[in-house]
> 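This is the structure, below, for whatever I ask next.
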Amino acid sequence: MPELPEVEVVRAGLAPAVVGARIAQVTVADERALTRHAGDAASFEEALRGRAITAAARRGKFLWLPLEVTSNDGHGDLGEAIVGHLGMSGQLLLRAPGAATERHERVRIDIEHPVHGELALVFADQRTFGSLAIDHLVPSPDSAPGGWGTDAPATPSQVAHIARDPLDDAFSDARFSRTARAKGSAVKRVLLDQTVVSGIGNIYADEALWAARIHPETPASDLSARAVSRLLAEVRAVLLKALAEGGTSFDAQYVNVNGQAGYFAHSLNAYGGGGQPCPRCGRPIVREQFMNRSSHFCPHCQRLSR
DNA sequence: GGCCCGCCCTGATCGC
DNA sequence: TGCGATCAGGGCGGGC
């Protein structure tokens, strides 16, 4: 499942091929990929034709490709961007021009790069939770760059409510600690709340909580400032390690822009390990239902205090 | 406004 | 062999 490390691998892979490229042709094969787009498929295709891509940016699990500002896009100096979310199974692939249709292909964007020549940027998505849209950019309230891969202090309007992620230079540990500890809900729920901290999904939430020895159901308000700080350090550690290993792939659902899987699945300590021995204490990892998902944790190392 | 539930969707896998 | 049930889960609308 694409969480921050997987999305960053995609962004970094895309950047050299798309920044500076001009869009030649757009083909929407399945309109369900445009659920976040305000117009129809024809308007999406038409609005992008001829536009140049100026960056490949990311905040949390959202990606966006800012477009060269034109005098007539109606959005002032900030302009517009193609904003994408991979959902559960979305892939952005770079292919040779005219390459065969991908399985679950939803949108194809043919681009022309001044150095790399013609390329096809293909959005494929099995479970159709992912989407692409054209959105206008809005200023970042804190005036810092909107995310990784851009210097502009702006994000697409659809991303404005998303918190900064823990790898972002402008992320405030103190603010996160204050916000989290003001919440009475379970700490895992807070980690998954993209308006509090972004980029963390079910896998890395379980991994960071295991590493910090915190039970996922612990009310966030019960955590000391020191515990929150330890948790944040483990969140960063697990995200950076996964990033270094190219992300987590269980099956063909997550791949980089060349269609290759990541290696981090081999490094998981808790996630998916229901019944397996805890790598720290040897007692069995437990899997429980949580928020209509699964939580994996070690009941011995991660105690729920009463 | 905070918090939580349930829905969206498809394909792999499992059990009968 | 075939078929139905189950599971994966991020984001958001809506209800309390």
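Since we're looking at a predicted model, the values are computed, not measured. The sequence lines fix the lettering, A, B, ..., with proteins before strands; numbering per chain opens at 1.
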> Going by atom types alone, do A:S295 and A:K188 pair a side-chain donor with an acceptor below 3.5 Å?
yes
> Does a side-chain N-to-carboxylate-O contact under 4.0 Å join A:R51 and A:E80?
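Yes, A:R51 and A:E80 are salt-bridged.
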> Determine, step by step, whether A:R32 and A:D125 satisfy the salt bridge (charged side-chain N to carboxylate O under 4.0 Å, His left out) criterion, reporting the C-alpha distance in whole Å, the side-chain angles of both residues, the deciding distance to 0.1 Å, and the verdict.
CA-CA 10 Å; A:R32 288 177 299 178; A:D125 187 14; over 6 Å; no
> Are A:L14 and A:V26 joined in one hydrophobic group, where the rule is that I, L, V, M, F, W and Y side chains link up if heavy atoms are under 4.5 Å apart?
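Yes, same cluster.
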> Using a heavy-atom cut-off of under 4.0 Å over every strand shown, decide if A:T35 touches base, sugar-phosphate, or nothing.
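Here A:T35 touches no strand at all.
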> Just say parallel, tilted or perpendicular for the rings of A:F62 and A:H85, cut-offs at 30° and 60°.
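Taking A:H85 first and then A:F62, their aromatic rings stand perpendicular (interplane angle over 60°).
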> Using atom types as modelled, flag every donor-acceptor pair under 3.5 Å from a side chain in residues 212-221 of chain A to any protein atom, sequence neighbours excluded.
from, atom 1, to, atom 2, distance (Å)
A:H215, ND1, A:E217, N, 3.0
A:T218, OG1, A:H215, O, 2.7

> Could you tell me the separation between the CG atom of A:D30 and the P atom of B:dG11, rounded to a whole number of Å?
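In whole Å, B:dG11 P lies 11 Å from A:D30 CG.
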> State which residues pass salt bridge (Lys or Arg N to Asp or Glu O under 4.0 Å) with A:R280; sequence neighbours excluded, sorted by chain then number.
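Partners of A:R280 by the salt bridge (Lys or Arg N to Asp or Glu O under 4.0 Å) criterion come out as none, since no residue qualifies.
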> Quick check against the 3.5 Å criterion: does A:E46 have a side-chain atom that pairs as donor or acceptor with the backbone of A:S43?
no
> Give the rounded distance in Å between these two atoms: CD of A:E288 and C1' of C:dC7.
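After rounding, the gap between these two atoms is 18 Å.
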> Is the shortest side-chain N/O distance from A:H85 to OP1 or OP2 of C:dG11 below 4.0 Å?
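For A:H85, the contact criterion (side-chain N or O under 4.0 Å from OP1 or OP2 of C:dG11) is met.
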> Can you tell me the distance, in whole Å, between the CG atom of A:D206 and the P atom of C:dG10?
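In whole Å, C:dG10 P lies 10 Å from A:D206 CG.
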> Could I get a table of every N or O pair under 3.5 Å where one atom is in the protein and the other is in nucleotides 12-16 of chain C?
from, atom 1, to, atom 2, distance (Å)
C:dC12, OP1, A:R36, NH1, 3.1
C:dC12, OP2, A:H161, NE2, 3.2

> Can you name the residues that form a salt bridge (Lys or Arg N to Asp or Glu O under 4.0 Å) with A:R230, not counting sequence neighbours?
none
> Assuming nearest nucleotide by heavy-atom distance, tell me which of A:R106 and A:M291 is located more 5' along DNA chain B.
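On the 5' side of the pair lies A:M291.
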> Atom CG of A:D125 to atom P of B:dG11: distance rounded to whole Å?
10 Å
> May I ask you to say whether A:R236 pairs ionically with A:D173, meaning some side-chain N is under 4.0 Å from a carboxylate O?
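Salt bridge present between A:R236 and A:D173.
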> Can you list, by residue number, the residues of residues 179-193 of chain A that have a non-hydrogen atom closer than 4.0 angstrom to DNA chain B?
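DNA chain B contact set from residues 179-193 of chain A: A:K183, A:G184, A:S185, A:R189.
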> Starting at CG of A:L4 and ending at C1' of C:dG11, how long is that distance when rounded to a whole Å?
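It works out to 16 Å between those atoms.
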> Going by atom types alone, do A:D193 and A:T195 pair a side-chain donor with an acceptor below 3.5 Å?
yes
> Would you list the protein and nucleotides 6-9 of chain B atom pairs, both N or O, that sit under 3.5 Å from each other?
from, atom 1, to, atom 2, distance (Å)
B:dC9, O3', A:R32, NH1, 3.2

> Round to a whole Å and report the spacing from CG of A:L132 to C1' of C:dG11.
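Value for this atom pair: 16 Å.
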